[in-house]
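So you know, we letter chains A, B, ... as the sequences are listed, proteins then strands, and number each from 1.
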Amino acid sequence: MIPMDPQEILSLCKRRGFLWPAYDIYGSVAGLYDYGPLGTAMKNSIENYWRQLYVLGEGFIEINCPVVAPEPVFKASGHVDAFSDMYVECNSCGETYRADHLAADKHPNPASLNEEQLGKVLKEIGAKCLECGGELTSPKRFNLMFKTSIGAGRGKVAYLRPETAQGMFVNFSQMYRYGREKLPFGAVQVGRAFRNEISPRQGLLRLREFNMMEAELFVHPEDKTWPKFKDVKGEVLPLVPNSGDSRSMSLDDAVNEKIIRNEVLAYFVWLTFKFAVDIGMDPKRLRLRQHIKTEMAHYASDCWDLEAELGYGWTELVGVADRGSYDVQAHIDHSGADLTAFERFEEPKEIEQEVVKPNFGALGPLFRGEAKMVSEALAGLSTEKVKGKKEVTVDLDGKKFVVPASCYEVVRKIEKVSGRKLVPHVIEPSYGVDRMLYAVLDHSYVKKEDYVTLRLKPIVAPIKAGVFPLMPRDGLDTIALEIFDELTRSGITAYYDDSGSIGRRYARMDEVGTPCCITVDYDSKDDHSVTIRDRDSTSQIRVKKDHVLEAVKALMDGVGFESLAKMK
RNA sequence: GCGGCUGUAGUCUAGCGGUUAGGACUGAAGCUUCCCAAGCUUCAAACCCGGGUUCAAAUCCCGGCAGCCGCACCA
């Protein structure tokens with residue numbers, strides 16, 4: 001396959017109503033696109049099929065959260081700090097550098113400094129442009145999140161979400177309860193996310209506002225097995241592990257050889273591959289690449305990308321990451337909420353232990369207003385520290401209190417423990433909708449002597465059937481309109497066209513990926529049959545008009561065109 | 001954000017200081033018993049935006065915006 005020229009595909013998209021540069025009449029904005037009617041239909045199909053796999057197939061629950069979130073959410077997630085980079089520019093040659101990288105030798109953690117401090121450090125070491133030796137500007141901060149505010153006046157600092165994931169992490173407790181307190185469980189969200197890219201490029205691949213389909217699977221931290229793994233373990237996938245040797249191997253081998261870290265991850269890597277193929281990507285132009293260690297996000301312990309070979313080169317479409325407990329723990333730390341799952345022991349355990357028990361009768365008179373603080377300090381001491389001593393000194397805010405032995409005793413206490421709290425680990429498959437849609441178009445684009453056919457699978461084709469009268473008169477149009485009505489009433493998107501030559505009408509449908517076309521000709525008036533034409537082979541069969549709906553439905557369900565001939 | 005190249009109907013493009021801005025494809029209306037972008041007639045549709053130079057700018061200059069390529073960035 002020759003890689004498709006992206007310009008050609010984007011031109012088709014623009015001409016035929018898949019995509020338009022947004023706000024075109026005002027000069028457009030880089031990185032913003034409108035989906036036209038066909039693009040919208042196709043995007044909906046991709047999202048709906050994804051829901052079919054994740055929500056219906058895997059039982060994940062779907063939620064929908066706001067796009068705007070107050071600052072603390074992204075403080076916790078690390079986006080406010082980690083997602084903003086500092087740059088310096090060379091005054092003479094214009095080269096830009098990551099400011100913290102230049103200061104790496106001088107300061108242990110330059111990324112933690114603010115602009116001013118970092119500027120000082122750079123001055124001290126006399127940093128110059130590495131290219132031409134020119135003077136550098138002072139550091140400028142660039143955060144890739146869109147900032148806004150909630151409310152009037154000064155308002156509350158807020159950001160547009162750079163991923164949908166956080167909405168699911170912060171709702172862990174609600175979802176956990178909704179699912180009747182079981183692990184593992186999965187949640188998904190389909191929606192928009194925003195990144196103020198410095199330089200959006202490559203059409204749909206790097207947008208400032210884009211669509212994501214994200215799944216967060218919350219699992220027991222020590223149990224990353226997966227029941228359905230056994231059903232797919234023999235499946236062979238094209239893997240590119242970070243050890244370097246890319247090869248196709250079975251999921252079973254990949255997990256056993258610890259190339260993929262666990263079953264859950266392996267299963268969703270497989271599901272991702274299946275999804276891509278099902279919506280029409282070419283398996284020969286797909287691969288699963290493991291992130292190399294330095295590439296891995298700070299929270300991830302393993303991450304696999306689904307990549308497709310496109311006109312732009314190999315392109316990341318999906319990331320499947322083991323995020324560990326990073327995100328949930330971060331929100332626990334920042335919000336104080338208890339975002340844990342409770343693991344019930346098979347039998348409640350009785351734990352017997354020695355504790356220091358304060359004696360309030362003695363403490364009260366002795367320490368008065370400070371008695372409560374002292375008692376709390378006492379209760380926190382280990383019994384080893386107080387045993388056999390006449391008095392013990394506790395330290396409170398730098399103030400020392402000498403507490404005589406009469407104020408406490410060491411007792412044995414039996415505590416019943418019925419389980420333990422767990423911070424769940426998260427496996428995250430994160431899909432870029434726009435990239436997937438583009439990849440499907442790229443892999444479906446077939447050009448033969450300037451004749452373009454989009455070989456879209458019926459499942460994603462925006463129009464499922466074209467309906468034409470051979471001539472727009474003699475009653476042929478009436479019959480064709482009857483068929484058109486029947487299809488659309490059944491929920492099948494059809495397109496009626498009676499203008500121009502029949503070949504032109506076929507060509508129009510081929511170019512937008514319509515899988516089949518139904519043509520009413522003069523024979524139809526006599527024998528009530530019509531032709532159905534297959535897009536990819538251009539071959540035709542005749543079926544009775546009454547069987548058209550059934551035939552089109554069969555095609556939608558993936559029945560091959562050849563076997564359609566038998567059913568008429 | 002930097003550098004290079006580039007912006008003319010929906011698409012591809014001609015133009016090189018004075019043009020009714022030309023063509024092809026697409027689109028629309030019609031003719032043609034018309035099954036694979038056929039033919040014929042008619043029609044619609046463009047100089048990215050803003051300044052400047054000039055008697056005169058699609059054309060030259062500057063700035064912006066957008067696109068492509070490279071660099072950087074990409075949780």
#### Entry: Trace of the side-chain contact (heavy atoms from CB on, under 4.5 Å) decision for A:M436 with A:W50
CA-CA 11 Å; A:M436 295 222 104; A:W50 190 82; over 6 Å; no
### Query
What are the residues of residues 480-488 of chain A, sorted by number, that bring a heavy atom to within less than 4.0 Å of RNA chain B?
none
### Task
Scan residues 462-479 of chain A against RNA chain B and write down, sorted by residue number, each residue with any heavy atom closer than 4.0 Å; if none is found, say none.
A:L470, A:M471, A:R473
### Task
Assess whether one donor atom and one acceptor atom, taken from the side chain of A:R206 and the base of B:C73, lie less than 3.5 Å apart.
yes
### hbond_proxy A:E197 side chain to B:C74 base (donor-acceptor, 3.5 Å cutoff)
no
### Query
Which is it for A:V73 and A:H331 under the side-chain contact (heavy atoms from CB on, under 4.5 Å) test, yes or no, and what are the steps along the way?
CA-CA 8 Å; A:V73 174; A:H331 286 298; 4.2 Å; yes
### Task
Specify the separation, in whole Å, of atom CD1 of A:I502 and atom C1' of B:U32.
15 Å
### Query
When the distance from CG of A:D450 to P of B:C12 is rounded to whole Å, what number comes out?
14 Å
Tell which nucleotide pairs with [N], taking only Watson-Crick or G-U wobble pairs whose two distances are both under 3.5 angstrom.
N	value
B:G1	B:C71
B:U19	none
B:A9	none
B:A56	none
B:A46	none
B:U33	none

### Summary
Per atom distances to the A:R504 side chain, the nearest of B:U26, B:C36, B:G10 is B:U26
### Task
Looking only at side-chain atoms of A:A507, point me to the closest of B:A66, B:A37, B:C35.
B:A37
Using a 4.0 Å heavy-atom cut-off across all strands, classify [X] as base, sugar-phosphate, or nothing.
X	answer
A:D510	nothing
A:E163	nothing
A:Y26	nothing
A:S11	sugar-phosphate
A:S28	sugar-phosphate
A:P162	base
A:G319	nothing

### A:D510 and A:R533 ion-paired at < 4.0 Å
yes
### Cation-pi check, A:R287 onto A:W314 ring (under 6.0 Å, within 45° of axis)
yes
With a 3.5 Å distance limit and no angle check, can you tell me whether [X] reaches the backbone of [Y] through a side-chain donor-acceptor pair?
X	Y	result
A:R289	A:E316	no
A:T488	A:D485	yes
A:N242	A:Q290	no

### Query
Do you know which of A:V446, A:V440, A:L12 makes side-chain contact (heavy atoms from CB on, under 4.5 Å) with A:L454?
A:L12
### Query
Can you pull the ring pair (Phe, Tyr, Trp, His ring centres under 6.0 Å) pairs that have at least one residue in residues 187-214 of chain A, sequence neighbours excluded?
none
### Task
Could you tell me whether the side-chain ring of A:Y506 sits stacked on the base of B:C35, using a centroid cut-off under 5.5 Å and a plane angle under 30°?
no
